[in-house]
Amino acid sequence: MKIIEARVIVTSPGRNFVTLKLTTDEGLVGLGDATLNGRELAVASYLTDHVCPLLIGRDAGRIEDTWNYLYKGAYWRRGPVTMTSIAAVDVALWDLKGKAAALPVYQLLGGRCRDAATVYGHANGETVDEAVEQVGAYLRAGYRAVRVQAGVPGVAGIYGVGGHGQPYEPAVAGLPPETVWDTAAYLRHIPDLFAAVRDKYGFDFHLLHDVHHRLTPIEAARLGRDLEPYRLFWMEDPVPAELQEGFRLIRGHTTTPIAVGEVFNAVWDCRQLISEQLIDFVRTPVSHGGGITHLRRILGLAELYHVRSGFHGATDLSPVCLAAALHVDVSIPNFGLQEYMAHSAETDEVFPHSYRFEDGALLAGEEPGLGVDIDEEAAARYPYRAAYLPVNRLRDGTVHSW
Ligand code: CS2
Ligand code: MG
């Protein structure tokens, strides 16, 4: 099964997506998500100019060999652009292998450990009341896990709040918007948010919160301790994670579980976090973590240390990534939870797929491969437009993690 065509498709149905499409001499098509929010064209060029020419004529069945060919053969290793590019190739090859074997990819990964992947939705609101209302809407829709983000009085444009319950899409057309951050105001306000949610709905469902890298370890320790009465399923990205040993300080102060890793792209980014049990869930998505091949290595290491999966699943990861994630979700023993932000109708039009939401979970498709396609005519109707993630600053103007 030889690769005869390798093309990159950039489309923007409401937000930018980059997709790698491989075609074999037997007419099979494999897809990989190559979207890196705010840096899309860097990956499109890495693939188009440096990877696709190398794939033509290669045996599509040699997934592990191709992974190492692209990882070690580049000499310059790791990083989000390289690993997103390798991930796109890897996922497309797994898609092809499933189609060639007439099996859904999860069957190639060892079969099911569970029928479906429990998901969490995103409740948000400018105010606590608005956010609490949104949580109720997700519970009524059948979700058993809900992430909650809310505005903080005096802090405009905070991460994760879409404005009056709208889904939150962080990438903005044009130059990066700038937002202001106030750690003290945030730390004062967030425990009240979760007290209000638990007061209204009780404890019979999972609650999550995304700190989004914005605290120091001792501030994260304080927040984790303040949230303990509300029994969070996880506190996400409490601090920037370059300093992996920095999590020892958080771990020493609080039992609130920690989820990290959506900005990681290789096992080396989390090896210490996992082997020292400094985290409870690893979030690295299929599309940024080197694909299915590398992600299974990360989850295999994680299993040894009681760490479970909690894959990133925001709307800037395309349905191709979500479809691939679900095949991994249902086939690993240490599954934790899958993030699920439903894509827009335009996005679903460009990427028809068979996964579906049912009773608080997503079910992967049963057809051969990943169960997702790209409608290139529809994709052509949505041209690329430059968009950036916000830049965050403290009140004194210091650039801060967003
Ligand atoms: C967030 C993301 O979903 C999450 O947990 O951290 O919304 C993140 O901000 C975006 O994916 C960035 O592109
Ligand atoms: Mg996050």
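Both counts, for ligands and for their atoms, begin at 1 and track the order of listing. All of these numbers come straight from a predicted model, not from anything done at the bench. FYI, the numbering just counts along the sequence from 1.
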Fill in: Backbone or side-chain N or O of Trp402 under 3.5 Å from ligand 1 N or O
no
Worksheet item: So, Glu339 and Tyr120: side-chain donor and acceptor under 3.5 Å apart, yes or no?
Response: yes
Fill in: Residues, nucleotides or ligands: over 12 heavy atoms within 6.0 Å of Arg62 CZ
no
Discussion item. Looking at Glu228, is its backbone amide N or carbonyl O close enough to the side chain of Arg231 to form a donor-acceptor pair, meaning the two atoms are under 3.5 Å apart?
Written reply: yes
Practice prompt. Kindly confirm whether the Mg ion (ligand 2) is within less than 2.8 Å of some N/O/S atom in Glu262?
Written response: yes
Item to complete: Run down the list Glu339, His212, Arg283, His213 and name the one with the heavy atom closest to atom 9 (O) of ligand 1.
Response: His212
Worksheet item: Do the ring centers of Tyr186 and Trp181 come within less than 6.0 Å of each other?
Response: yes
Fill in: Residue, atom name and distance, where the atom is the protein heavy atom closest to atom 13 (O) of ligand 1
Asn37 ND2, 2.8 Å
Discussion item. Looking only at protein heavy atoms, which one is nearest to atom 7 (O) of ligand 1, and what is the separation?
Written reply: Tyr159 OH, 3.2 Å
Worksheet entry | Phe17 side chain near Ile9 side chain, heavy-atom distance below 4.5 Å | no
Worksheet item: Would you call Glu236 a ligand 1 contact, heavy-atom distance under 4.0 Å?
Response: yes
Worksheet entry | Protein heavy atom at shortest distance from atom 8 (C) of ligand 1 | Glu262 OE2, 3.4 Å
